[in-house]
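One structure is given below, encoded as structure tokens.
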Amino acid sequence: MKLIIEGAEYEAAPGQCCADLFKAALSGKRFKNTVAAACGGTIFDLSTPVEALPPACPELRPVTPDEAAGLDLLRHSAAHVMAAAVKTLFPGVKVTIGPSIENGFYYDFDNSRPFTPEDFAAIEAEMRKISGQAMPFVRREVSREEAVAFFEAQGENYKVEIIKDLNEPVVSLYELGGFTDLCRGPHLPHSGFVKAFKLLSVAGAYWRGDEKNRMLTRIYATAFPDEAALKDYLHRLEEAKKRDHRKLGKELDLFAFHEDVAPGMVFWHPKGMMLRTILEDFLKREHLKRGYQLVQGPQILRRELWMKSGHYDNYRENMYFTDIEGDVHGVKPMNCVGHMLIYGSSLHSYRDLPVRMAELGVVHRHEMSGALHGLFRVRQFMQDDAHIICTPEQLEDEILAVITLVRDLFGLFGFEYRLSVSTRPAKSIGSDEDWARATDALIKALERIGVPVVINEGDGAFYGPKIDGRVTDSLGREWQCSTIQVDFTLPDRFDLVYVGQDGERHRPVMVHRAILGSLERFIGILIEHCAGNFPTWISPVQARLLTVTDDQAEFAAEAARALQEAGIRAEADLRNEKLSYKVRQAQVEKIPYILVIGNQELETRSVNVRLRNGDNLGVKTLEELIAVMRADCEEPFKRGGMHYSFS
RNA sequence: GCCCAUAUAGCUCAGUCGGUAGAGCGCAUCCUUGGUAAGGAUGAGGUCAGCAGUUCAAUUCUGCUUAUGGGCUCCA
């Protein structure tokens with residue numbers, strides 16, 4: 001049997017395995033770093049005999065832990081090492097599953113008592129022992145019946161359950177020392193590769209992710225090819241923690257929570273509210289420019305309305321209700337019903353369409369207590385919501401305009417984002433024809449703007465297909481912000497119509513859409529994205545004037561007023577403190593422009609300009625400074641072809 | 001909602017093997033008028049999350065509640 005390794009041909013003798021071939025083909029150093037073999041797009045154990053390789057693919061490639069596939073394998077094997085260590089230390093424990101994940105791996109255990117971080121040191125020490133012994137991972141294939149009997153004898157009922165669900169006549173087992181696990185593989189040749197690892201946290205996790213099932217103890221951990229890479233990763237985790245919006249929100253005095261009186265609801269402090277107000281103001285203007293009309297519906301509406309809209313049946317658990325003179329009212333969890341009533345309050349001609357109603361609407365949703373998370377997940381939030389009511393023919397153009405807005409807004413803040421189309425789920429309403437036409441419009445609009453189309457098959461809402469927009473935050477987490485949903489139910493439920501050219505009444509198409517999603521969440525993402533160094537145009541305080549001594553107080557106050565009149569959010573720090581102290585404080589507050597006035601500047605009626613990154617722009621007159629700051633504010637808008645038109 | 005951990009001054013955290021508590025920052029007052037990341041002194045500030053229980057005595061031990069953190073589930 002002939003095989004090609006790195007361009008050279010090798011003749012494999014029967015009974016030889018991948019390791020034998022690599023040993024012959026690679027340098028000693030490279031062979032030592034090889035953990036698996038890639039052949040025809042599949043990864044194999046090094047111990048795989050050549051006969052078991054796909055015959056049609058003669059090319060054999062060594063896999064090392066430095067590449068994605070090898071790292072994945074390293075972590076998966078590390079999970080086995082961890083399980084073996086836990087089994088040794090806690091003989092009664094039952095093992096379940098332990099996959100590699102994006103930045104590490106985990107293993108779910110069922111133990112009489114949950115593990116705590118205090119157990120980590122002992123587990124890590126045991127793992128190090130296993131690693132030091134460089135124990136081989138031995139693959140064995142057995143019949144399904146044999147495997148069931150094997151795990152039943154050990155009381156490993158979770159493994160038995162997995163095998164029974166697998167529906168395979170033969171399953172593979174991997175043996176590591178005395179620990180045998182059901183596993184598809186592949187694995188490292190031996191445990192000696194698992195040397196740079198760290199247990200990170202414990203968590204509860206439902207067996208098979210179903211909340212009806214038993215809660216298991218999950219241990220999260222990570223592993224890297226070497227100590228340096230592990231250290232680097234742990235360092236990055238620390239850095240990411242520094243950007244946590246909850247921490248920065250407190251440090252920059254943007255917002256706070258008062259958990260005792262309103263868990264999951266934000267108290268916006270002056271600086272946070274300033275930032276939010278600028279954002280809201282900008283959003284309103286931008287929507288007006290793009291043909292939206294601003295509307296607003298009431299905050300609480302009678303229960304009958306929620307029954308009509310379907311929210312009472314489908315969303316009641318997440319709604320807040322209140323009794324008013326014996327009548328149950330629901331606090332709105334969404335803004336759509338208000339907009340439906342506004343549209344329905346007059347008869348519309350086809351000439352009026354599309355009608356685009358935008359509302360920065362405050363909604364309340366009762367999220368489960370465990371789901372709350374800073375600004376990312378709250379119970380009261382403002383959406384940049386809008387509803388577009390149009391004819392079927394107008395749908396594609398309307399979607400295109402919305403996607404353009406998504407692109408422009410995320411571009412303005414420099415966010416990476418992804419858009420995906422969700423198609424008809426199994427449980428849904430509406431005709432096939434409606435679904436096909438609407439889905440087609442979504443896809444065509446994406447194609448027209450040149451965005452790659454990702455399809456999430458069957459992930460749409462029951463009432464229509466949608467496009468979701470996700471942005472990536474500083475921790476690499478994805479957050480859903482935008483949603484563009486076609487809705488086939490609400491126009492029916494509220495009997496929305498328009499009079500067509502033919503004089504007949506027709507059913508319009510309706511689109512729900514939000515771009516930033518929740519302003520709370522978006523601001524949280526923005527805080528982490530820029531680590532609190534907000535773009536100048538949205539910074540709550542854009543400039544602070546610092547005096548060196550009291551002699552400059554009068555001019556500093558005058559200069560602050562002049563900047564304010566030019567539309568700059570400036571303030572003066574006239575306190576009797578050392579300059580270095582004031583500079584430090586302004587810097588810690590991440591104020592973009594720090595303006596120093598001493599006697600030298602006083603004489604020329606100018607300011608010495610320091611940026612928050614420590615750079616110094618030198619001495620500038622107020623006129624020069626205003627020009628620089630204007631340009632700074634306008635810069636992000638130019639990218640999206642937008643204008644910085646407010647002050 | 002579920003699992004684990006946590007809750008001490010406005011903030012960040014010490015501490016008490018059960019005898020009602022401390023630091024730094026911040027705040028107030030005074031001194032200092034100093035040129036680009038912390039000048040000095042003095043002072044105020046805490047029902048040690050809440051409610052029960054054990055105890056002569058609980059901030060400390062136990063239980064419950066609430067909230068927060070890490071996850072799971074959920075986010076039509």
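For the numbers below, each heavy atom of this structure counts, side chains included, while hydrogens, waters and symmetry mates do not. Every chain is numbered from 1 and lettered A, B, ... according to where its sequence line falls, protein lines coming before strand lines.
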Within the structure, does a side-chain N or O atom of A:Arg610 lie under 4.0 Å from either OP1 or OP2 of B:rA37? yes
Closest heavy-atom pair, A:Val471 versus A:Tyr417, reported as atoms and distance to 0.1 Å, is CG1-CB, 4.1 Å
Under-3.5 Å N/O pairs linking protein and nucleotides 24-27 of chain B:
unit_1: B:rG26; atom_1: OP1; unit_2: A:Tyr581; atom_2: OH; d: 2.7

Side chain of A:Thr549 only, heavy atoms from C-beta on: which candidate in B:rG35, B:rA76, B:rU33 is closest? B:rU33
Distance-only donor-acceptor check, side chains A:Tyr158 and A:Asp108, under 3.5 Å: no
Using a cut-off of strictly less than 4.0 Å between a heavy atom of the residue and any atom of RNA chain B, enumerate the qualifying residues of residues 253-273 of chain A by number. A:Glu259, A:Pro263
Counting just side-chain N and O atoms, does A:Arg246 come under 4.0 Å of either OP1 or OP2 of B:rG70? yes
Would you say A:His373 places a side-chain N or O within less than 4.0 Å of OP1 or OP2 belonging to B:rG70? yes
Protein N or O to nucleotides 9-12 of chain B N or O, pairs below 3.5 Å:
unit_1: B:rU12; atom_1: OP1; unit_2: A:Lys250; atom_2: NZ; d: 3.0

Can you list every salt bridge (charged side-chain N to carboxylate O under 4.0 Å, His left out) pair that touches residues 599-613 of chain A, not counting sequence neighbours? A:Glu558-A:Arg605
Under a 3.5 Å cutoff on both atom distances, Watson-Crick or G-U, what's the dot-bracket for RNA chain B ([ ] crossing, | other strand)? (((((((..((((.....[..)))).(((((.......))))).....(((((..]....))))))))))))....
Does the pair A:Arg208/A:Asp165 count as a salt bridge with the N-to-O cut at 4.0 Å? yes
Will you find, in the side chains of A:Tyr107 and A:Asp181, an N or O donor that is under 3.5 Å from an N or O acceptor? yes
I'd like a list of close polar pairs between nucleotides 72-74 of chain B and the protein, N/O only, cut-off under 3.5 Å.
unit_1: B:rC72; atom_1: O4'; unit_2: A:Gly204; atom_2: O; d: 3.1
unit_1: B:rC72; atom_1: O2'; unit_2: A:Tyr206; atom_2: N; d: 3.1
unit_1: B:rU73; atom_1: O2'; unit_2: A:Glu211; atom_2: OE2; d: 3.2
unit_1: B:rC74; atom_1: O2; unit_2: A:Arg377; atom_2: NH2; d: 3.0
unit_1: B:rC74; atom_1: N3; unit_2: A:Arg377; atom_2: NH1; d: 3.4

Mark yes or no: A:Arg316 above the aromatic ring of A:Tyr312, with NZ or CZ under 6.0 Å from the six-membered ring centre and no more than 45 degrees from the axis. yes
